[in-house]
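For reference, the structure is listed below as structure tokens.
These values consider heavy atoms only, across backbone and side chains, with no hydrogens, waters or symmetry-generated copies. When a ligand or atom number is given, it counts from 1 through the structure's own listing order.
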Amino acid sequence: MAAAVGVRGAGRWLVALRCRGASGAAMSSDAQWLTPEERSQLIPDLKAAGWSELSERDAIYKEFSFKNFNQVCLCVRAFCVGMVTGHAWCLQPSEEDLRSSGIIVTDDCEPPCQCWGPNLGLLGGAAGAITTSTSPALAAFGFMSRVALQAEKMNHHPEWFNVYNKVQITLTSHDCGGLSKRDVKLAQFIEKAAASR
Ligand SMILES: C[C@H](O)[C@H](O)[C@H]1CNC2=NC(N)=NC(=O)C2=N1
């Protein structure tokens, strides 16, 4: 899978390790294994962020857990979508509509929220308010979607497992049979994606 390429320079042997694809052709420099120096520089940062090294193979692992987020008060009795000449169109989405869009509906608006229509001002007492938040499962899916797009862009894919709000991720480079710079780059992206949820 991997080949050691010796280069004679300045009286000593410099060794660069490259990963090889299925055809046996050396892959781009981006596909190189991590050098020992890079490992000692980059892996501690990832460990500090919660990644661990697997004992059974050269890979890193982290579990992400998602909670409710985007808690906002939403007007449901008068959910106004626009205004023309002083009149707002008010929809009345059912709880079922909201739930099927991944919105959690509870009755505990805290603090009591006021309902505002776009360009309209306070809608007043006619509008009922509920607390809403996106479901943890949907938060996990959103995170996975962002990671999946990046993985496609890099042509480098995580091994992952998702149940409800948990996403377990293992990163390794199959063509290298171990960690490469691509794993570090993807792990760094994953950290950002998890932080921006
Ligand atoms: C053919 C395709 O380019 C390869 O199979 C890519 C796809 N994604 C990959 N992802 C990972 N993690 N390792 C790889 O070696 C790899 N190779």
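Not a single N or O atom of S173, backbone or side chain, sits closer than 3.5 Å to an N or O atom of ligand 1. Every N/O-N/O distance between R182 and ligand 1 stays at or above 3.5 Å. Looking at ligand 1, you'll find an N or O of N155 within less than 3.5 Å of one of its N or O atoms.
For the side chain to side chain contact (heavy atoms under 4.5 Å, CB included) with T170, the qualifying choice from W160, Y61, W51 is Y61, the only one to do so.
Contact between H157 and H174 at its shortest, heavy atoms only, is O-CE1, 4.5 Å.
Remark: distances from the non-hydrogen atoms of T172 to ligand 1 include one below 4.0 Å.
No continuous path of ILVMFWY side-chain contacts below 4.5 Å connects L149 to L138, so the two sit in separate hydrophobic clusters.
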Full working for side chain to side chain contact (heavy atoms under 4.5 Å, CB included) between D45 and E191: CA-CA 11 Å; D45 281 353; E191 282 303 308; over 6 Å; no
